[in-house]
Amino acid sequence: MPTSCTSHVLVTGGSGFIGSHTVLELINQGHKVVVVDNLSNSCEEPLRRIEKLAGLNEESLPFHNVDLANIDDLRAVFKQYNFSSVIHFAALKAVGESVRVPLAYYRNNITGTLNLMDLMIEFGVKDIVFSSSATVYKSDPDGRPFREDSELGCTSPYGRTKLYMESIIRDVVGAESGWNAIMLRYFNPTGAHESGTMGEDPCQIPNNLMPYVSQVAIGKLDNVHVFGNDYNTRDGTGVRDYIHVMDLAEAHVIALERLTGNHGYEVFNLGSGAGQSVLEMIDAMSIACGHKIPYVVDPRRSGDIDTIVCDPKKANEVLGFKVSRDLTKMCTDLWRWQVANPEGYNQ
Ligand code: NAD
Ligand code: UFG
């Protein structure tokens, strides 16, 4: 018997960038949350900020510093609570690093998911929302928007772990009765909570465009390196579909609530459906911070393609989800976070 009878949502990776914003939104929508994270790419400070923003007592948000690879430690958490559902964010996510150390990615992401699914079966927890990615789609040379039924195919070990994790979950839903699973394929998350107290805190020099741009804007880095201006796009730079992290957080709450409708296994894209180029993002961020952000043009980054945008129709129609925060809001919120937290959570 669990120590706690109250029904909780287990959030793995809940102190990370997207997880922490989602935890705040879940609490604000009345859900009880338990966070499990091994802090390999985060720290506990976002949890303290969540407590403040949600009006909770300090250190009252249940948190367990557990590695999903350790099934006994994870089992102890399952024993302690009565979980109704799981949102599974915990994963390593750096594409380049995954090419250098593929086994670390397979071990962490796949073993963690296998252990989690084993325990969900053991404890009769049958509802899961999973963090997937646009990276699971096979690249389209014509840059057409990806639909959920577009062809799949990955080019990096990281991408393959996401595809395998989706497959593991789909196979469990097929084999067991009463399971519901929603795969959310995010496009390019950015922005921050509008309070300026929560945001993305890359542990090293950022790999992704927007945290890099924001660190140049505040003077921590010298120039943005634009990876190629000879793509087949309107200004020659790569086009991506950016989505505000709070829109993503809201989509997770909608997805979680849909699980109770017994729809089995479902997949949804989460993006705006519109694409912005690298130069357009630098311009938008320059407006947000009030000064020109310097950049230099470098050669293309290996593995990048012209355009990655989603068709958001299925999420609009089935989940009733539509992004509500535009590019200006993404950049002003990102800038507010950057100015208030120049060293991220390590103040
Ligand atoms: P993040 O690194 O900020 O968060 C992931 C969290 O998981 C971290 O706090 C990390 O410490 C934790 N973690 C990793 N391995 C763990 C393990 N074995 N046990 C326990 N905790 C572990 O990343 P994020 O940007 O918040 O991404 C969350 C999820 O969304 C990831 O699964 C990622 O693959 C996916 N995703 C992210 C993006 C993006 O651009 N940020 C795009 C598409 C999909
Ligand atoms: N870019 C630069 N300079 C940088 C970083 C990026 O010019 O310093 C360009 C890239 O070439 C690309 C665009 O900015 O055209 C976006 O690059 P990101 O690295 O920010 O994002 P990606 O689209 O490459 O990948 C991200 C995540 C993946 C996820 C994918 C989903 O890193 O994990 O979005 O679309 F799968």
Side-chain angles (χ1 to χ4, degrees), residues 11-22 35-44 46-47 64-70 73-74 87-96 98 104-105 107-113 115-116 130-137 146 154-156 158-159 161-162 165 184-190 200-203 205-213 215-216 221 223-229 231 233 237-243 245 248 252 269-271 275-279 281-282 295-310:
V11 180
T12 76
S15 54
F17 172 43
I18 305 168
S20 58
H21 289 77
T22 303
V35 173
V36 163
D37 200 301
N38 66 355
L39 307 182
S40 58
N41 197 37
S42 59
C43 60
E44 282 192 56
L47 307 178
H64 297 267
N65 184 343
V66 164
D67 190 328
L68 263 55
N70 187 328
D73 288 356
L74 192 56
I87 305 185
H88 182 27
F89 292 102
L92 297 176
K93 61 159 187 178
V95 176
S98 79
Y105 272 67
R107 193 171 294 114
N108 188 76
N109 295 359
I110 304 294
T111 308
T113 301
N115 287 345
L116 178 67
F130 174 65
S131 287
S132 190
S133 168
T135 196
V136 299
Y137 291 115
F146 290 109
C154 304
T155 51
S156 74
Y158 162 69
T161 68
K162 287 277 135 180
M165 288 189 272
L184 297 177
R185 292 181 182 155
Y186 320 150
F187 281 64
N188 290 56
T190 187
E200 186 170 12
D201 181 16
C203 292
I205 292 183
N207 294 306
N208 293 120
L209 178 67
M210 290 312 282
Y212 201 104
V213 169
Q215 293 197 9
V216 173
L221 297 168
N223 293 298
V224 180
H225 294 262
V226 174
F227 297 147
N229 64 356
Y231 284 106
T233 60
T237 65
V239 167
R240 297 291 182 273
D241 185 337
Y242 294 88
I243 176 168
V245 66
L248 268 188
H252 283 78
N269 286 336
L270 293 180
Q276 273 87 33
S277 74
V278 174
L279 295 182
M281 295 307 285
I282 295 173
Y295 68 85
V296 291
V297 178
D298 279 5
R300 291 181 176 201
R301 181 172 68 180
S302 151
D304 278 351
I305 59 165
D306 304 332
T307 300
I308 301 179
V309 292
C310 83

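Throughout, residue positions are numbered sequentially from 1 according to the sequence presented. Order of listing sets the numbers, starting from 1, for every ligand and every atom in it. Quick caveat: nothing in here was measured; it's all calculated off a predicted structure.
At under 3.5 Å, a nitrogen or oxygen of Tyr158, whether backbone or side chain, sits near a nitrogen or oxygen of ligand 1. Note: no N/O pair closer than 3.5 Å links Tyr212 and ligand 2 by distance alone. For ligand 1, none of its N or O atoms has an N or O atom of Ser132 under 3.5 Å away. Not a single N or O atom of Leu92, backbone or side chain, sits closer than 3.5 Å to an N or O atom of ligand 1. Distances between N or O atoms of Leu68 and those of ligand 1 include at least one value under 3.5 Å. Note: no N/O pair closer than 3.5 Å links Thr135 and ligand 2 by distance alone. Between Phe227 and ligand 2, a contact under 3.5 Å exists for at least one N or O pair. The shortest N/O to N/O separation between Ser133 and ligand 1 does not fall below 3.5 Å. Considering backbone and side-chain atoms together, Val36 places no N or O closer than 3.5 Å to any N or O of ligand 1.
For the pair Cys154 and Val136, the tightest heavy-atom approach, listed with the atom from each and the gap, is SG-CA, 3.7 Å. Heavy-atom minimum distance, Thr113 versus Asn109: OG1-O, 2.7 Å. Closest heavy-atom contact between Val245 and Ile18: CG2-CA, 4.1 Å. A pairwise comparison of heavy atoms in Asn41 and Cys203 identifies OD1-SG, 3.4 Å as the closest pair. Looking at every heavy atom in both residues, Gly16 comes nearest to Asp37 through N-OD2, 3.8 Å.
Listed by number with element, the atoms of ligand 1 under 4.0 angstrom from any heavy atom of Asp67 are 17 (C), 18 (N), 19 (N). For ligand 2 and His225, the ligand atoms under 4.0 Å from any heavy atom of the residue are 2 (C), 3 (N), 4 (C), 7 (O), 8 (O). Under a 4.0 Å criterion applied to the non-hydrogen atoms of Val226, ligand 2 contributes the atoms 7 (O). For ligand 2, the atoms closer than 4.0 angstrom to any heavy atom of Asn188 are 21 (O), 22 (P), 23 (O), 26 (C), 31 (C), 34 (O), 35 (O). Near Asn207, meaning under 4.0 Å from any of its heavy atoms, are these atoms of ligand 2: 5 (C), 19 (O). The ligand atoms of ligand 2 that sit less than 4.0 angstrom from a heavy atom of Ala134 are 31 (C), 35 (O). Less than 4.0 angstrom separates some heavy atom of Ser133 from each of these atoms of ligand 2: 29 (C), 31 (C), 36 (F). The contact set between ligand 2 and Tyr242, taken as ligand atoms under 4.0 Å from a residue heavy atom, comprises 13 (C), 16 (C).
At a cut-off of 3.5 Å, with distance as the only test, no side-chain donor of Tyr186 or Asp241 sits close to an acceptor on the other residue.
Ring pair Phe89/His252 is tilted by interplanar angle, where 30° to 60° counts as tilted.
For Asn188, no heavy-atom contact with ligand 1 is shorter than 4.0 Å. Only side-chain heavy atoms of Val278 come within less than 4.0 Å of ligand 2; its backbone N, CA, C and O stay farther off. Neither the backbone nor the side chain of Ala134 comes within 4.0 Å of ligand 1, counting heavy atoms alone. Contacts between Lys162 and ligand 1, counted as non-hydrogen atom pairs separated by less than 4.0 Å, involve the side chain only. Of all the heavy atoms of Val66, the ones lying under 4.0 Å from any atom of ligand 1 belong exclusively to the backbone. Contacts of Val239 with ligand 2, taken as heavy-atom pairs under 4.0 Å, are absent altogether.
Selection from Ile18, Leu184, Asn108 by nearest heavy atom to atom 37 (C) of ligand 1 gives Ile18. Nearest to atom 24 (P) of ligand 1 by heavy atom, out of His88, Glu200, Lys93, Met210, is Lys93. The nearest non-hydrogen atom to atom 17 (O) of ligand 2, considering only Arg240, Lys162, Arg301, Met210, comes from Arg301. Considering only non-hydrogen atoms, atom 5 (C) of ligand 1 lies nearest to Ala91 out of Pro211, Ser40, Ala91, Gly19.
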List the steps and the verdict of side chain to side chain contact (heavy atoms under 4.5 Å, CB included) for Phe227 and Val278.
CA-CA 9 Å; Phe227 297 147; Val278 174; over 6 Å; no

Stepwise, does the side-chain hydrogen bond (donor to acceptor under 3.5 Å, both in side chains) test hold for Asn223 with Tyr212?
CA-CA 9 Å; Asn223 293 298; Tyr212 201 104; over 6 Å; no

Go through the steps to decide whether His88 and Ser131 satisfy the test side-chain hydrogen bond (donor to acceptor under 3.5 Å, both in side chains), and finish with yes or no.
CA-CA 6 Å; His88 182 27; Ser131 287; over 6 Å; no

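Nearest protein neighbour of atom 10 (C) of ligand 2, counting heavy atoms only, is Asp304 OD2, 3.4 Å. Counting only heavy atoms of the protein, atom 18 (P) of ligand 2 lies nearest to Asn208 ND2, 3.5 Å. Looking only at heavy atoms of the protein, atom 2 (O) of ligand 1 is closest to Asn41 ND2, 2.7 Å. If you check which protein heavy atom lies closest to atom 20 (O) of ligand 2, you get Leu209 N, 2.8 Å. Closest to atom 30 (O) of ligand 1 among all protein heavy atoms lies Tyr186 CE1, 3.3 Å. When only non-hydrogen protein atoms are considered, atom 31 (C) of ligand 1 lies nearest to Phe89 O, 3.1 Å.
By the 6.0 Å contact criterion, OH on Tyr295 is open, its count of non-hydrogen atoms from other residues, nucleotides or ligands being 12 or less. Heavy-atom neighbours of Arg107 CZ from other residues, nucleotides or ligands within 6.0 Å: at or below the threshold of 12.
Under the 3.5 Å distance criterion, the side-chain polar atoms of Asn115 are matched with a main-chain donor or acceptor of Ala69. Between the Asn269 side chain and the Phe146 main chain, a donor and an acceptor come within less than 3.5 Å of each other.
At least one heavy atom of Tyr158 sits closer than 4.0 Å to an atom of ligand 2. Residue-ligand proximity: Tyr137 is placed with every non-hydrogen atom at 4.0 Å or more from ligand 2.
The cationic atom of Arg240 (NZ for Lys, CZ for Arg) does not lie both less than 6.0 Å from the six-membered ring centre of Phe187 and within 45° of the ring axis.
Here the OG1 atom belonging to Thr12 is positioned 9.0 Å from the CG atom belonging to Leu74, to the nearest 0.5 angstrom. Atom CG of Asp67 sits about 6.5 Å away from atom CG of Asn108, to the nearest 0.5 Å. For the atom pair CD (Glu200) and OG1 (Thr190), the distance works out to 6.5 Å, reported to the nearest 0.5 Å.
Under the side-chain contact (heavy atoms from CB on, under 4.5 Å) criterion, Val95 pairs with Ser156, Tyr158, sequence neighbours left out.
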